[in-house]
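Any value given below was found using the heavy atoms of this structure, including those in side chains, with hydrogens, waters and symmetry copies removed. Index from 1, following the sequence.
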Amino acid sequence: MKTIRIDVISDVMCPWCYIGKRRLEGAVAALDGDVAVEINWRPYQLDPTLPKEGKDRARYLEEKFGGPERAAAIYERVREAGREEAIPFDFDAIPVSANTLDAHRLIRWAGEQGRMAQDRVVESLFRKYFTEGAHIGDDQTLLDCAEEAGLDRAVVATKLAGDLDRATVSAEIENAGRMGVQGVPCFILNNKYAISGAQPAATLADAIRQVAAEAAAA
């Protein structure tokens, strides 16, 4: 059986990326074991200008969308999509919009422990931010996510205190831009085909099957 590599370019402050994660999980389940997949989470930043301590979310949304009314209308669509995927978004609980570079460093370190550990960290970051209102730029939140996913809290704390992999992650984000990625989530299949946006699970499953058939024929 050919293994299909799926690189998910994503930002943990993007609600559509959380929805995309759920839909990818649905797609993999729909494959029913006929195709093996290898999922890797890759970094992206919707707003790299945000400071680590973050910016008041109400103010940030007003600056980004031009006012609370427009922001509310946009996020209602996200809430509706979240309900379809059993994600209880609680945007009102989020105090700040934070820089996610350190969160991406943590995701990278989790990947060194294996794909399951990486997936657990990604899930924890999404859940804490979007349903619990946690500050995902804060080191304590990142350490909680790391520990929850089975990583050594003390080791991660030491890494966070320094600049380990900061340049590497930043370079990977810049490379995504050079590849033409302008929005997330973006799913790269076998380093050849890109699927942009939180597509339905059936769409993702069909694309994976097509790539698997092509790989088998080759």
Side-chain angles (χ1 to χ4, degrees), residues 1-46 74-89 100 103-104 106-108 110-131 145 148-150 172-173 175-218:
M1 182 186 295
K2 291 283 187 180
T3 298
I4 303 305
R5 178 188 177 101
I6 304 175
D7 289 289
V8 187
I9 302 175
S10 163
D11 192 3
V12 290
M13 71 175 292
C14 168
W16 286 108
C17 290
Y18 196 5
I19 293 167
K21 183 177 189 295
R22 282 290 178 273
R23 291 178 177 174
L24 178 59
E25 291 166 351
V28 172
L31 296 173
D32 200 26
D34 293 334
V35 179
V37 298
E38 173 188 285
I39 299 172
N40 303 282
W41 290 88
R42 302 301 184 195
Y44 192 84
Q45 283 193 287
L46 292 175
I74 290 172
Y75 275 98
E76 181 50 41
R77 178 168 168 250
V78 179
R79 282 192 178 91
E80 183 178 345
R83 285 191 286 270
E84 293 174 359
E85 304 300 333
I87 300 173
F89 284 113
T100 55
H104 287 303
L106 172 59
I107 292 169
R108 179 181 181 84
E112 295 170 356
Q113 303 300 312
R115 292 183 182 86
M116 291 182 65
Q118 187 177 58
D119 185 83
R120 289 194 297 269
V121 163
V122 171
E123 179 67 27
S124 182
L125 286 164
F126 276 138
R127 190 190 71 252
K128 285 184 180 298
Y129 184 56
F130 286 116
T131 72
C145 290
E148 187 176 285
E172 195 171 348
I173 293 168
N175 186 56
R178 285 192 293 270
M179 288 168 53
V181 176
Q182 298 180 326
V184 286
C186 182
F187 305 91
I188 310 294
L189 308 184
N190 268 8
N191 293 317
K192 291 177 64 177
Y193 304 102
I195 302 173
S196 184
Q199 300 295 330
T203 300
L204 291 171
D206 286 346
I208 295 167
R209 289 191 188 96
Q210 290 175 23
V211 172
E214 178 183 293

Where do T131 and P88 come nearest, in terms of heavy atoms and distance?
-> CG2-O, 3.5 Å
For the student: nearest non-hydrogen atoms of I4 and A215, plus distance | CD1-CB, 4.5 Å
Enclosure of E112 CD (heavy-atom neighbours >12, cutoff 6.0 Å) | yes
Heavy-atom side-chain proximity of R115 to I39 below 4.5 angstrom = no
Do E148 and R127 come close enough that some side-chain heavy atom pair is under 4.5 Å?
-> yes
Could I get the full list of side-chain hydrogen bond (donor to acceptor under 3.5 Å, both in side chains) partners for R5, not counting sequence neighbours?
-> D7, E38
For N175, side-chain hydrogen bond (donor to acceptor under 3.5 Å, both in side chains) partners two or more places apart | none
Of the non-hydrogen atoms in N190 and T3, which two are nearest, and what is the gap between them?
-> OD1-O, 4.0 Å
Within a strict 4.5 Å, meaning less than it, do heavy atoms of the E85 and R23 side chains meet?
-> yes
Nearest 0.5 Å, what's the CD1-CD1 distance between I195 and I6?
-> 8.0 Å
Applying side-chain hydrogen bond (donor to acceptor under 3.5 Å, both in side chains), name anything that partners E214, two or more places apart in sequence or on another chain.
-> K192, Y193
Below 3.5 Å, can you tabulate the donor-acceptor pairs from side chains in residues 12-22 to any protein atom, sequence neighbours excluded?
unit_1 : atom_1 : unit_2 : atom_2 : d
Y18    : OH     : E123   : OE2    : 3.2
K21    : NZ     : E25    : OE2    : 2.6
K21    : NZ     : D119   : OD1    : 3.3
K21    : NZ     : E123   : OE1    : 2.9
R22    : NH1    : E25    : OE1    : 3.1
R22    : NH1    : E123   : OE1    : 2.9
R22    : NH2    : E123   : OE2    : 2.6

Using a cut-off of 6.0 Å, state whether more than 12 heavy atoms not belonging to R83 lie near its atom CZ.
-> yes
How about I107 and Q118: do any of their side-chain heavy atoms sit closer than 4.5 Å?
-> yes
What residues form a ring pair (Phe, Tyr, Trp, His ring centres under 6.0 Å) with Y129, not counting sequence neighbours?
-> none
With rounding to the nearest 0.5 Å, note down the distance linking OG1 in T100 to CD in Q45.
-> 4.0 Å
Can you name the residues that form a side-chain hydrogen bond (donor to acceptor under 3.5 Å, both in side chains) with Q210, not counting sequence neighbours?
-> none
Beyond-backbone contact of R77 with E80, side-chain heavy atoms, under 4.5 angstrom | no
Working to the nearest 0.5 Å, report the span between OG1 of T203 and CD1 of I208.
-> 11.0 Å
Does H104 reach the side chain of E172, with side-chain heavy atoms less than 4.5 Å apart?
-> no
For the atom pair CG (L106) and CG (L125), what is the distance rounded to the nearest 0.5 Å?
-> 6.0 Å
Check F187 against G197 and note the closest heavy-atom contact, atom names and distance.
-> CE1-O, 3.3 Å
Closest approach of A117 and A110, non-hydrogen atoms and distance?
-> CB-O, 3.7 Å
Report the residue from V184, I188, I9 that forms a side-chain contact (heavy atoms from CB on, under 4.5 Å) with R42.
-> I9
Identify the two heavy atoms, one from G82 and one from F89, that lie closest to each other, and give their separation to 0.1 Å.
-> CA-CE1, 3.6 Å
